[in-house]
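Remarks on the structure that follows.
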Amino acid sequence: MSDEYVWFEGIPFPFVNFPPEHLRNVKENFVLKDEDVLILTFPKSGTNWLIEILCLIYSKGDTKWIQSVPIWERSPWLETSNGYKLLKDKEGLRLMTSHLPIHLFPKSIFKSNAKVIYLFRNPRDVLVSGYFFWTISNLVKRPESLEQYFEWFIQGNVAFGSWFDHVRGWLSMREKKNFLMLSYEELKWDTRNAVQKLCQFLGQKLEPDELNSLLKHSSFQVMKENKMSNYTLLPSNLLDHERGSFLRKGIPGDWKTYLTVAQAEVFDKVFEEKMADLPQELFPWK
Ligand code: PPS
């Protein structure tokens with residue numbers, strides 16, 4: 001499998017758009033500004049949903065921006081060459097997204113007051129979502145079966161490495177006042193409340209009608225129809241739109257449909273081993 005990734009400091013990356021010299025440059029030289037807002041996630045944790053929500057917060061619920069600019073230009077991915085170009089000389093508010101693990105993130109983060117939002121999701125759902133996504137994309141080696149992908153995921157041999165290391169790494173920043181951790185589950189179970197929490201963290205205020213517009217336009221159904229957000233603008237040599245959608249189901253707990261009882265038991269054991277020393281109340285799906 002190793003030849004199907006670009007490897008950088010022990011982490012596998014998709015082979016399109018992530019040259020190692022670029023990843024090194026980002027880590028060593030990218031300078032964060034205090035006004036920056038960062039969305040950090042392990043892939044398939046609801047990144048694009050959060051981007052849509054943040055865009056609507058900063059547009060006060062107005063849909064012009066989300067309906068006219070592709071989502072990857074509104075909050076570019078720092079670690080991609082294209083995203084970096086959009087971000088590096090941008091003035092004013094910079095929304096940016098990253099899947100980088102903490103040890104590969106620009107070092108300037110440790111001195112910056114940029115606002116950091118770490119969104120995480122039940123790893124069982126991340127696994128299932130990732131399996132379906134990588135099966136329709138041409139960015140990494142396609143898994144042949146869920147059983148195979150299950151093994152890769154547990155071992156951390158998937159794009160951006162181990163979910164466990166990613167979450168452990170970023171949650172080490174959870175006591176900082178410029179850091180907000182949010183779970184996909186809490187976002188889904190009470191979106192209104194989670195958005196209010198985000199607004200408070202970002203120092204933004206929405207009127208009730210602005211908040212209602214945000215909730216409507218960032219909903220799964222509406223995002224799925226928005227071609228600026230649903231990834232149908234990606235060429236089909238990268239994402240095979242005939243075989244599935246980027247916005248697949250958008251629910252917590254879908255793993256129960258796909259993992260066997262035996263796999264679920266193995267997963268529980270691995271989770272316990274790797275995450276035992278973290279307060280378990282951080283993980284609301286338990
Ligand atoms: S990526 O490729 O890492 O950027 O993917 P990411 O955006 O992190 O995660 C994709 C999953 O998020 C779901 N999604 C949503 N869920 C609920 N509401 C909204 N609005 C929404 N938008 C995206 C998307 O459907 C993927 O999850 P699954 O479980 O595969 O459906």
Side-chain angles (χ1 to χ4, degrees), residues 12-14 16-18 38-57 63 66 70-80 83 95-101 117-140 143 146 149 153 158-161 163 166-167 170 182-192 194-195 198 213-234 238-240 243-259 285:
F13 287 86
V16 178
N17 225 351
F18 300 91
L38 277 59
I39 296 168
L40 304 178
T41 63
F42 188 84
K44 314 319 291 181
S45 302
T47 325
N48 289 274
W49 186 17
L50 185 57
I51 297 174
E52 199 82 331
I53 289 173
L54 258 56
C55 291
L56 285 161
I57 290 178
T63 57
I66 64 160
I71 196 158
W72 54 83
E73 289 179 18
R74 287 182 258 132
S75 182
W77 261 262
L78 177 61
E79 59 269 29
T80 66
L95 285 184
M96 63 184 91
T97 307
S98 179
H99 290 320
L100 287 172
I117 304 166
Y118 187 68
L119 179 70
F120 63 109
R121 183 183 190 185
N122 186 333
R124 300 158 186 86
D125 285 328
V126 169
L127 187 163
V128 168
S129 177
Y131 167 68
F132 284 106
F133 178 69
W134 300 121
T135 304
I136 64 166
S137 86
N138 281 326
L139 302 165
V140 299
L146 183 56
Y149 190 74
F153 188 92
V158 294
F160 296 88
W163 178 92
H166 202 280
V167 171
W170 282 113
L182 183 70
S183 68
Y184 178 94
E185 289 71 21
E186 82 183 281
L187 196 53
K188 186 79 189 182
W189 291 329
D190 191 348
T191 314
R192 182 178 292 270
V195 170
L198 283 164
S213 170
L214 178 154
L215 293 173
K216 176 175 169 197
H217 292 284
S218 61
S219 68
F220 183 82
Q221 289 72 15
V222 175
M223 266 187 81
K224 200 172 164 71
E225 297 304 315
N226 179 0
K227 68 177 192 310
M228 294 295 156
S229 309
N230 64 12
Y231 282 80
T232 52
L233 292 180
L234 272 196
L238 293 182
L239 197 62
D240 187 344
R243 299 180 68 207
S245 305
F246 183 88
L247 279 101
R248 191 184 58 94
K249 282 198 188 165
I251 52 169
D254 192 37
W255 66 270
K256 291 178 193 150
T257 316
Y258 295 100
L259 298 193
W285 54 81

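One-based numbering along the sequence shown. Order of appearance sets the numbers: ligands from 1, and atoms from 1 within every ligand.
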How far is [atom] from the closest protein heavy atom, and which atom is that?
atom	result
atom 27 (O) of ligand 1	R121 NH1, 3.2 Å
atom 23 (C) of ligand 1	L247 CD2, 3.7 Å
atom 30 (O) of ligand 1	S129 OG, 2.7 Å
atom 8 (O) of ligand 1	T47 OG1, 2.4 Å
atom 12 (O) of ligand 1	G46 CA, 3.7 Å
atom 20 (N) of ligand 1	S218 O, 2.9 Å
atom 16 (N) of ligand 1	Y184 OH, 2.7 Å
atom 3 (O) of ligand 1	K44 N, 2.8 Å

Legend entry - Side chains of S229 and R74, donor plus acceptor under 3.5 Å: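 Side chains of S229 and R74: pair found under 3.5 Å.
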Legend entry - Closest approach of L95 to C55 (non-hydrogen atoms, all atoms of both residues):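 Residues L95 and C55, closest heavy atoms: CD1-SG, 4.1 Å.
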Legend entry - Closest heavy-atom pair and its distance - P252, E185: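 For P252 versus E185, the nearest heavy atoms are CB-CG, 4.1 Å.
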Inset, instruction - Please state whether the rings of Y149 and F153 are parallel, tilted or perpendicular, taking 30° and 60° as the class boundaries. - result: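 Because their plane-to-plane angle lies in the 30° to 60° range, the rings of Y149 and F153 count as tilted.
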Atom indices of ligand 1 within 4.0 angstrom of [X] heavy atoms, with elements:
X	answer
N48	1 (S), 4 (O), 5 (O), 6 (P), 7 (O)
S219	20 (N)
M223	20 (N), 22 (N)
P43	3 (O)
F246	1 (S), 2 (O), 4 (O), 5 (O), 7 (O), 24 (C), 25 (O)

Run the ring-centre check on [X] versus [Y] and record whether the distance is less than 6.0 Å.
X	Y	result
F160	F13	yes
Y184	W49	yes
F133	Y231	no

Inset, instruction - Measure from NZ or CZ of K44 to the centre of the six-membered ring of W163 and say whether it is under 6.0 Å with the direction within 45° of the ring axis. - result: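 That pair does not qualify as a cation-pi contact.
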Inset, instruction - Take T80 and F18, measure what side chain to side chain contact (heavy atoms under 4.5 Å, CB included) needs, and give me the verdict at the end. - result: CA-CA 6 Å; T80 66; F18 300 91; 3.7 Å; yes
Inset, instruction - Can you figure out which of W77, F42, W49 has its heavy atom closest to atom 19 (C) of ligand 1? - result: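 It is W49 whose heavy atom sits nearest to atom 19 (C) of ligand 1.
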Inset, instruction - Answer with yes or no whether E52 contacts ligand 1, where contact means a heavy atom under 4.0 Å from a ligand atom. - result: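 Not so, E52 does not reach ligand 1.
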Inset, instruction - Check whether any N or O atom of K188, backbone or side chain, sits under 3.5 Å from an N or O atom of ligand 1, and answer yes or no. - result: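 No; the residue has no nitrogen or oxygen that sits under 3.5 Å from a nitrogen or oxygen of the ligand.
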Legend entry - Distance (rounded to the nearest 0.5 Å) between S219 OG and N226 CG: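 Taking OG in S219 and CG in N226, the distance rounds to 10.5 Å.
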